[in-house]
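Single-structure report; data block below.
Below, chains carry the letters A, B, ... as their sequence lines are ordered, and counting in each starts from 1. Treat the numbers as computed from the prediction; the structure is a model and nothing was measured.
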2 protein chains.
Amino acid sequence: MTAPQITIDRVFQALGDPTRRALVEKLSQGPISVSQLAQPLSITLAAVVQHLQVLEASGLVQTEKVGRVRTCRLDATGFSLAEQWIADRRALWDRRLDRLGDLLAEPDAELR
Amino acid sequence: MTAPQITIDRVFQALGDPTRRALVEKLSQGPISVSQLAQPLSITLAAVVQHLQVLEASGLVQTEKVGRVRTCRLDATGFSLAEQWIADRRALWDRRLDRLGDLLAEPDAELR
DNA sequence: AGAATACTTAAGTCGTTATTTAACTAAAGG
DNA sequence: CCTTTAGTTAAATAACGACTTAAGTATTCT
């Protein structure tokens, strides 16, 4: 029951579900309890809890239970991971376009 | 058979699958053909083609067929959408933390 | 103490989706 | 032409994942 690995895999899989993204969008307005999260949604509280487990395991959400109410808030960890992955792909991709541009700009260049 | 809507939904759902992310990672090294994409993977060519359809529908990949070979390359559209969504959530979230910081910095502030 | 609240967990259902097989089309090459 | 190469498509299967129901635990309220 130790902290599960937070991976790009988990993050994107978590964000892949529309209901979970809805939870995240709600949470970006500020921390709230599980039942408050569930209330506007047309799904069971149990379903929300299960989504929260996924979101927490992916480092997108952090929760803390005090008394009988669990308060949920966004966690930057997962977001940073996702951003980083996209930025990395983009970087490689842009770099390639740059090199291509260089070559086109210098028609005399060796193409070996 | 017109161009399907590119939505955050499609983008994240597409990125949610590890095989598809592997394809994207390969493509960030540069444009290649479908069979070259499939070769290092332990799945059928047919499966790769289907993943490519998902990736293309989500605006992450662009393909062009010349002769009998289809060349695939990354497409910025989907990536920008994903980045934007994350940035938006982050923005709201950070703004909240800022306001909280302001309040804490001014213990005399009205909390109404 | 008893009732209501706020979750939690397990088990089952049902729809979606990743992947395969197989049969097909179209372009190159000999 | 005949064959190989490169990809496409459809149908079937099999695994996964979202959601529900139902029963349980721990707090708080009265």
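The interatomic distance linking A/L52 (CG) with C/dT8 (C1') rounds to 12 Å, in whole Å. Atoms CD1 (A/I32) and P (C/dA6) sit 14 Å apart, rounded to a whole Å. Per the geometry, CG belonging to A/D9 stands 15 Å off C1' belonging to D/dG17, to the nearest Å. Computed from coordinates, the A/R21 CZ to D/dG17 P distance equals 16 Å when rounded to whole Å. Atoms CD (A/Q13) and C1' (C/dA18) sit 12 Å apart, rounded to a whole Å. Between A/E64 atom CD and D/dT27 atom P there is a gap of 15 Å when expressed in whole angstrom units. Following rounding to the nearest Å, B/L55 (CG) and C/dA18 (C1') show an atom-to-atom distance of 13 Å. Between A/L41 atom CG and D/dC19 atom C1' the separation is 12 Å, expressed in whole Å.
B/Q36 comes within 4.0 angstrom of no nucleic acid atom, judged by non-hydrogen atoms across all strands. At a threshold of 4.0 angstrom between heavy atoms, the contacts of B/I43 are confined to the sugar-phosphate backbone, with no base atom among them.
B/E56 places no side-chain N or O within donor-acceptor distance of the main-chain N or O of B/Q53, the cut-off being under 3.5 Å.
Phosphate contact (OP1/OP2 of C/dT19, side-chain N/O of B/T19, threshold under 4.0 Å): present. Regarding contacts with the backbone of C/dT20, a side-chain N or O of B/T44 is found under 4.0 angstrom from either OP1 or OP2. Phosphate contact (OP1/OP2 of D/dA26, side-chain N/O of A/K65, threshold under 4.0 Å): absent. A/H51 has no side-chain polar atom (N or O) that falls below the 4.0 Å cut-off from OP1 or OP2 of D/dG17.
In the interface, the side chain of B/Q50 is not paired with the base of D/dT8 through any donor and acceptor atom under 3.5 Å apart. Residue A/Q53 places no side-chain atom within donor-acceptor reach of the base of C/dT8, judged by atom type and a 3.5 Å distance cut-off alone. Between the side chain of A/R68 and the base of C/dA6, no donor-acceptor pair of N or O atoms lies under 3.5 Å.
A cation-pi arrangement is found for B/R89 relative to B/W85, the charged atom lying closer than 6.0 Å to the ring centre and inside a 45° cone about the ring normal.
For A/H51 against A/R20, the heavy-atom pair with the smallest separation is ND1-NH1, 3.2 Å.
Between B/L60 and B/D75 there is no side-chain heavy-atom pair separated by less than 4.5 Å.
Looking at A/V48, A/L55, A/V34, A/I32 one by one, the single match for side chain to side chain contact (heavy atoms under 4.5 Å, CB included) with A/C72 turns out to be A/V34.
Comparing A/V66 and A/L45, the nucleotide of DNA chain D nearest to each residue sits closer to the 5' end for A/L45. Take the nearest nucleotide of DNA chain C for B/D17 and for A/T71: the residue whose nucleotide is more 5' is A/T71.
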Might you work through the side chain to side chain contact (heavy atoms under 4.5 Å, CB included) test for A/I43 and A/T19, ending with a clear yes or no? CA-CA 9 Å; A/I43 54 174; A/T19 306; 3.7 Å; yes

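Side-chain proximity of A/S33 to the nucleotides D/dA18, C/dC7, D/dG7 is greatest for C/dC7. Each of C/dT9, D/dC19, D/dT9 was ranked by its minimum atom distance to the side chain of A/A46; first place goes to C/dT9.
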